[in-house]
Amino acid sequence: MENYPFSENSINSSIAFRSLVNATSYPGTTFQINKLNKPSVLSNAAATILITLCDNESNVYLSKEYNIEEVRNWLIFNTGAIISNKKNADFVIGTWKSLLPLNEFKIGVPEYPERSATLIIEETKYKKVKCNIDGPGIKNKLNIDLPNPEFFIENNNLYPLGLDFYFTNDLEILSIPRSTKINIIKSEH
Amino acid sequence: MNEMSKNENLDIQIYNFAYLDENTKRMIRRALLKALCIPGYQVPFSSREMPMPYGWGTGGIQVTSACLIPKDILKVIDQGADDTTNAVSIRKFFQKTANVAVTEKTSDASLIQTRHRIPETKLKEKQILVYQVPIPEPLRFLEPRETETRKMHALSEYGLMYVKLYEDIAKHGHIETAYAYPVKTNGNYVTDPSPIPKFDNPKMNNSPAIQLFGAGREQRIYAIPPYTNVKSLDFEDYPFEAMKANFKCSICGSSDSYLDEIIVSDDGKRSYICSDTDYCKEQTKLNSKKED
């Protein structure tokens with residue numbers, strides 16, 4: 001059983017999913033994910049999202065850092081997911097820089113806004129801009145750092161269409177769904 | 001090896017944890033997360049046949065199954081009561097298939113599945129409230145065609161619903177709708193709150209808990225994330241009013257909880273009791289402490 005992503009599939013996936021529910025429900029707040037067996041380039045959190053949600057109906061776009069044999073084999077063997085281009089992707093994984101520009105990913109259509117991509121942003125080394133966020137799931141406005149906030153502002157302007165983001169870092173996950181409103185905090189300089 | 005087969009306390013039948021298979025759960029889980037990202041929007045899902053008839057919570061039970069974790073403490077209510085048929089059988093179902101702990105206390109529960117009520121006790125952060133929904137489309141009785149209602153939601157074209165409420169006022173002098181009273185979620189989608197009494201509508205607004213809705217026969221899942229604006233539709237000159245029977249509970253004496261009317265004698269004498277059995281018990285306990 002050692003090589004499977006989860007040691008006890010149905011139990012581990014339920015616990016993983018609950019973390020995703022919490023993260024999606026309370027945007028901007030960090031939630032913990034457990035470890036699993038995964039390719040070394042993927043974070044535990046990103047691998048957990050893919051394993052918990054993807055199946056043979058899921059189109060996954062891997063950015064160039066992740067589009068390597070180890071990741072492809074692991075994903076296809078364990079989930080049956082389809083490696084896809086940007087345009088058709090349901091799930092997208094990559095570093096911020098490698099995924100830009102974001103306008104090729106699907107944002108849903110007015111009758112079916114859920115037919116949109118979920119972006120998993122791996123890495124934390126992007127240029128950080130201090131932002132203030134508000135919206136569903138946020139009790140009091142939160143301050144967080146985002147890369148290129150203008151993208152997220154534009155994304156929120158598309159609401160109820162738009163992209164949904166998860167930021168992953170080792171065992172941590174944080175969500176910025178399309179419903180989150182973003183304000184850039186102007187520095188005093 | 002299946003997780004459940006290790007547990008000797010369980011029935012001979014072997015189930016995947018919380019009944020549904022992993023592929024079905026994945027499909028439901030994807031729908032649930034998108035539903036949380038688009039508050040109030042009904043996400044289609046391929047609902048499964050469940051071991052109970054439609055109308056008994058097949059949607060709610062699928063959502064609960066996809067969300068349940070072994071550590072959960074589950075509470076199930078039907079019209080506020082923990083001890084009615086529907087609540088008892090769903091609670092037993094998950095005890096058998098997921099081996100989770102159960103409770104009747106709202107404050108102890110981590111996941112509550114409900115039919116037609118929101119508990120009186122204030123919900124907390126990270127508690128999940130799963131609603132059983134018969135007709136998820138609030139516009140369905142006004143427009144039977146799915147293609148049309150879908151377009152109406154896409155265009156935020158809700159004039160028809162306001163006309164319906166206006167006609168109520170013109171005919172009866174007030175808005176007649178007393179349950180399943182339509183709300184607007186996050187200023188965008190008009191949403192069916194499931195057939196809860198309109199007394200419960202204000203509890204949906206800005207709730208710290210996660211509200212998930214499952215409609216099995218109609219194959220829709222939707223959600224209201226925590227701290228989300230939920231506004232009951234109304235008019236400036238006819239503002240929304242949450243109402244209940246103007247009596248006290250004949251068991252605990254509470255005058256601020258939602259009451260059920262019961263007939264207590266052959267000559268039709270009426271009495272009123274709390275619909276939320278857990279709340280009623282708590283109030284009775286508090287009263288007896290005061291008397292001591």
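In what follows, every chain begins at residue 1, and chains take the letters A, B, ... in the order their sequences are listed. These numbers come from a predicted model, not from an experiment.
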Thinking salt bridges, do B/Arg30 and A/Glu57 make one under a 4.0 Å N-O criterion? yes
If we count only N and O atoms by modelled type, under 3.5 Å, do the side chains of A/Ser116 and B/Lys34 hold a donor and an acceptor together? yes
At a heavy-atom separation under 4.5 Å, does B/Leu20 approach chain A through its side chain, its backbone, both, or neither? neither
B/Lys126, NZ: over 12 other non-hydrogen atoms inside 6.0 angstrom: no
Is it the side chain or the backbone of A/Leu53 that comes within 4.5 Å of chain B heavy atoms, both, or neither? both
Within a 6.0 Å radius of atom CD on A/Gln32, are there more than 12 heavy atoms belonging to other residues, nucleotides or ligands? yes
So which residue, A/Pro113, A/Ser179, A/Pro177, ends up with the most heavy-atom pairs under 4.5 Å with chain B? A/Pro113
Separation of A/Glu111 CD from B/Leu155 CG (nearest 0.5 Å): 7.0 Å
Of B/Leu32, B/Ile224, B/Thr228, B/Asn186, the largest count of non-hydrogen pairs under 4.5 angstrom with chain A goes to B/Asn186
Indicate yes or no: at least one non-hydrogen side-chain atom of A/Phe17 is less than 4.5 angstrom from one of B/Leu33. yes
First locate atom OG of A/Ser14, then atom CG of B/Asn16, and finally report the distance between them rounded to the nearest 0.5 Å. 9.5 Å
If every non-hydrogen atom of B/Arg26 is compared with every non-hydrogen atom of A/Thr52, which pair is closest and at what distance? CG-O, 3.1 Å
Kindly indicate whether the side chain of B/Leu36, heavy atoms from C-beta on, has any atom under 4.5 Å from the side chain of A/Val21. yes
Toward chain A, the part of B/Leu68 with a non-hydrogen atom under 4.5 Å: backbone
Determine the minimum heavy-atom distance between B/Pro225 and A/Gly137, stating which atoms define it. CB-N, 4.4 Å
Among the listed options A/Thr180, A/Val109, A/Leu161, A/Asn22, the residue most often paired with chain B at heavy-atom distances under 4.5 Å: A/Asn22
Sort B/Leu212 into side chain, backbone, both or neither according to what part of it lies under 4.5 angstrom from a heavy atom of chain A. neither
Has B/Lys124 got more than 12 heavy atoms of other residues, nucleotides or ligands less than 6.0 Å from its NZ? yes
Cut-off 4.5 Å, heavy atoms of chain B, and the answer for A/Thr118 is both
Side chain, backbone, both or neither: which part of A/Phe165 has a heavy atom under 4.5 Å from chain B? neither
When you compare the side chain of A/Ser13 with that of B/Lys25, does any pair of heavy atoms fall below 4.5 Å? no
Does NZ in A/Lys87 sit with more than 12 non-hydrogen atoms of other residues, nucleotides or ligands closer than 6.0 Å? no
Is it the backbone or the side chain of B/Asn206 that comes under 4.5 Å from a heavy atom of chain A, or both, or neither? neither
Using non-hydrogen atoms and a 4.5 Å limit, figure out which bit of A/Ile51 sits close to chain B: side chain, backbone, both or neither. backbone
Evaluate the side-chain proximity of A/Arg18 to B/Ile128: yes if any heavy-atom separation is below 4.5 Å, no if none is. yes
Is it the side chain or the backbone of A/Asn9 that comes within 4.5 Å of chain B heavy atoms, both, or neither? both
Nearest-0.5 Å distance that lies between atom OH in B/Tyr227 and atom CG in A/Asp134: 13.0 Å
Do B/Tyr189 and A/Pro160 have side chains that get closer than 4.5 Å, going by heavy atoms? yes
Can you confirm whether B/Ile210 sits close enough to A/Tyr26 that some side-chain heavy atom of one is under 4.5 Å from a side-chain heavy atom of the other? yes
Step-by-step side-chain contact (heavy atoms from CB on, under 4.5 Å) determination, B/Arg29 to A/Leu20: CA-CA 9 Å; B/Arg29 285 167 176 168; A/Leu20 297 183; over 6 Å; no
Side chains of A/Thr24 and B/Cys37, heavy atoms from C-beta outward: is any pair under 4.5 Å? yes
Checking A/Tyr112 against chain B: side chain, backbone, both or neither under 4.5 Å from a heavy atom? both
For chain A, which candidate among B/Asn23, B/Asp21, B/Asn229, B/Asp72 shows the most heavy-atom pairs at distances under 4.5 Å? B/Asp72
Output the distance between atom CD (B/Glu22) and atom CZ (A/Phe6), rounded to the nearest 0.5 Å. 9.0 Å
So, the part of B/Gln42 with a heavy atom under 4.5 Å from chain A: the answer is neither
